[in-house]
Number of protein chains: 2
Amino acid sequence: MAEERPPRADALRNRAKILDAAEAVFAAQGLSASTEDVARRAGVGIGTVFRHFPTKDALIEAVFLGRVRTLAAKAEALSEAEAGPALFAFFAYAVEQAATQNAYADVLAEAASAAAPAGEGSPREPGASPVGAELASALEALLERAQRAGAVRSDIGAPELMALLIGASRAAERVGPDVRNRTLAIMFDGLRPLR
Amino acid sequence: MAEERPPRADALRNRAKILDAAEAVFAAQGLSASTEDVARRAGVGIGTVFRHFPTKDALIEAVFLGRVRTLAAKAEALSEAEAGPALFAFFAYAVEQAATQNAYADVLAEAASAAAPAGEGSPREPGASPVGAELASALEALLERAQRAGAVRSDIGAPELMALLIGASRAAERVGPDVRNRTLAIMFDGLRPLR
DNA sequence: ATATAATCGGAGTCGTGACTCCGATTAGAA
DNA sequence: TTCTAATCGGAGTCACGACTCCGATTATAT
C-alpha cells in the first residue's frame, strides 16, 4: 500500500527538541503555556511545532506519555528492592516530581482516568490514551507485592492507591517539603496493615 | 466625607442572582466558564455582571468567599459534637462537596495558600484574601479539640491537615463514591494516634 | 406625577492564542 | 553537483473571552 519513507534527520532532531522544550515549558508555566513559548524555547518556528504535533493536545499527550513512561520505569526499577519500601519509595518519588514540576499532577490524574476501566464521569473515546495503562499495571504490581509482604493493608486496591497518589501529588503542589513529608507520612501510616 | 447612598433594590437583587448563577456555572463547568455564561444564567447583561464585579477574578473570589463561609459554618456547627467524629465528619463533608461540585477543590487550595502565613511559592499582596483565614482557624480548632480528645495523633498541625484535605478533595474529583470513601478511610487511619 | 441619578443591557473593542499557508531552505538521492 | 521532495519559519487568519461605553430604562425622593 503506502510506501513508508524514513523521516529526515533534521525532522527527528526537531521533534526531539520540541518535546524537550515542551516538557520544560509546561513544567515551568503549567499547561496553559502557549505553543509559541514552546517553539521559541525549542528554537524552531511555530509551524514546525504544528507539523510534528497537529494539535496542542497532541503535544501535551506526547509529553505526558514520556513522563508516565519514566514513572513506570522507576516502578520497574524498584521492583527489585524489598516490597514495602519499594512501594513507598515510588510513591514518594512521584509526589516529589509533582511538587517540583508544575502540571505533573495533571499527568497522573489524566493517566488515571484514562486507565480506569469504567467510570461514571466523563466518557472516554474507545482506543484513546494508552498512556495510563502501563503506569496502572506497574503500580498494581508494586501494591500486590507489598501486600503479600505484609507491608500494606490488604483491604485496598489499585484504584484507592491511585487516588491517594493523585491527591498527594496535587496537595504537594503548593506546599513546602516539610509539610509534604509529614503529609506523606500520614498517608503511609494509613496504608499499613491495621493492628 | 463621601455620602453613602443605599444601593437600589434591583441592584441588590441582581447581585444576588449573579452570585447564584456564578456558583452554579462554575460548579458545572469549572472556573474557565465564560462570564457571558454566568450573565446568561443569571438573566442579566454582561455589563451588569461587570458593574457588580469589576473583574472576573473578583467574581470568582466573591463566590469562593461564600463557599468557604459555608464550610466554616459547618465546622462551627460540628464543634458541638464529639471531638473526633466532628473532625472526620467535617473532612468527609468537605471532600464530598469537592467531588460533587467542580472547582470546589480549587476553592480550598486557594483558601489554603491565602491562609498560609509564609510560603516560598507565589508571593501574595499584603491584605489580599481574607477568604482562607476563617476556614483555617475553624479547621485548627477542630483539630486541636480532636487531638486533645485523643482521636488524632498529636504530631501533626493544621498545615498537614489542610494539605491532606486539599489532596483528598482534588483526588475525589474524578473518582466514584466507593473508592472515595475507601481512600478517606485510609487517610483517617493515618490520622489516628499511633499505637 | 416628575425629576434625576443610578442601573441595565449588549454591541463593540482589544488582546491572546491555536492553527493555516506558502515561499524559502535543505537533506539526501542520483 | 544537481535535482526534488520534504521540512522549515513566521506572518496572517480566526475564534473566543474579558472588559468598555453609552443610550435606554427604572427605582426612588419630592
Side-chain angles (χ1 to χ4, degrees), chain A residues 1-64 102-103 106 110 128, chain B residues 1-65 102-103 106 110 125 128:
Chain A
M1 311 284 275
E3 281 300 325
E4 282 294 312
R5 289 198 165 245
R8 262 166 53 168
D10 58 343
L12 259 71
R13 225 176 309 139
N14 275 338
R15 190 190 156 88
K17 280 198 290 185
I18 291 168
L19 231 35
D20 283 356
E23 181 153 348
V25 169
F26 289 148
Q29 310 178 28
L31 294 181
S32 61
S34 73
T35 311
E36 290 204 31
D37 279 347
V38 173
R40 202 176 357 262
R41 169 113 184 194
V44 302
I46 320 172
T48 304
V49 174
F50 280 98
R51 162 175 310 279
H52 287 285
F53 305 95
T55 267
K56 189 187 178 183
D57 280 346
L59 173 59
I60 292 176
E61 183 152 332
V63 173
F64 279 15
N102 233 325
D106 293 328
E110 202 52 43
Chain B
M1 313 285 274
E3 280 300 324
E4 282 297 311
R5 291 200 164 244
R8 265 165 53 169
D10 57 344
L12 260 70
R13 227 176 308 139
N14 275 338
R15 190 190 156 88
K17 278 198 293 185
I18 291 168
L19 231 34
D20 283 355
E23 182 152 349
V25 169
F26 289 146
Q29 310 179 28
L31 294 180
S32 60
S34 74
T35 310
E36 291 205 29
D37 279 347
V38 173
R40 201 174 0 262
R41 170 111 186 197
V44 303
I46 320 172
T48 305
V49 174
F50 280 98
R51 161 174 310 279
H52 287 286
F53 305 94
T55 266
K56 190 187 178 183
D57 280 345
L59 172 60
I60 292 176
E61 182 153 332
V63 173
F64 280 14
L65 191 75
N102 232 324
D106 293 329
E110 202 52 44
E125 313 83 68

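Here is the naming used below: chain letters follow the sequence lines, and residue numbers restart at 1 for every chain.
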Please give, in whole Å, the distance from [N] [atom2] to [X] [atom1]?
| X | N | atom1 | atom2 | answer |
| --- | --- | --- | --- | --- |
| B:D37 | D:dC16 | CG | C1' | 12 Å |
| A:I46 | D:dA11 | CD1 | P | 8 Å |
| B:L12 | C:dA6 | CG | C1' | 13 Å |

Legend entry - Residue list, side-chain contact (heavy atoms from CB on, under 4.5 Å) with A:A28, at least two apart or on another chain: none

Legend entry - Sequence-distant partners of B:A22, side-chain contact (heavy atoms from CB on, under 4.5 Å), two or more places apart: B:F26, B:V38, B:L59, B:V63

Acceptor/donor pairs from residues 7-21 of chain A side chains to any protein atom, 3.5 angstrom cut, sequence neighbours excluded:
residue: A:R8; atom: NE; partner: A:D10; partner atom: OD1; Å: 3.4
residue: A:R8; atom: NH2; partner: A:D10; partner atom: OD2; Å: 3.1
residue: A:N14; atom: OD1; partner: A:K17; partner atom: NZ; Å: 3.4

Legend entry - Sorted by number, the residues of residues 14-35 of chain B with heavy-atom contact under 4.0 Å to DNA chain C: B:N14

Inset, instruction - May I ask you to list the residues of residues 47-56 of chain A, by number, that have any heavy atom positioned under 4.0 Å from an atom of DNA chain C? - result: A:F50, A:T55, A:K56

Inset, instruction - Give me the bend of the helix from C:dA1-D:dT30 to C:dA30-D:dT1, using the axes of the five pairs at each end, rounded to 10°. - result: 10°

Inset, instruction - Between A:E36 and A:G43, just flag the one whose closest nucleotide in DNA chain D comes earlier from the 5' side. - result: A:G43

Inset, instruction - Do nucleotides 25-30 of chain D as a string where each nucleotide becomes B, S or -: B if the base has a protein heavy atom under 4.0 Å, S if just the sugar-phosphate does, - if no protein is that close. - result: -BSS--

Inset, instruction - Sorted by first residue and then second, give each salt bridge (Lys or Arg N to Asp or Glu O under 4.0 Å) pair with at least one member in residues 39-52 of chain B; sequence neighbours left out. - result: B:D37-B:R40

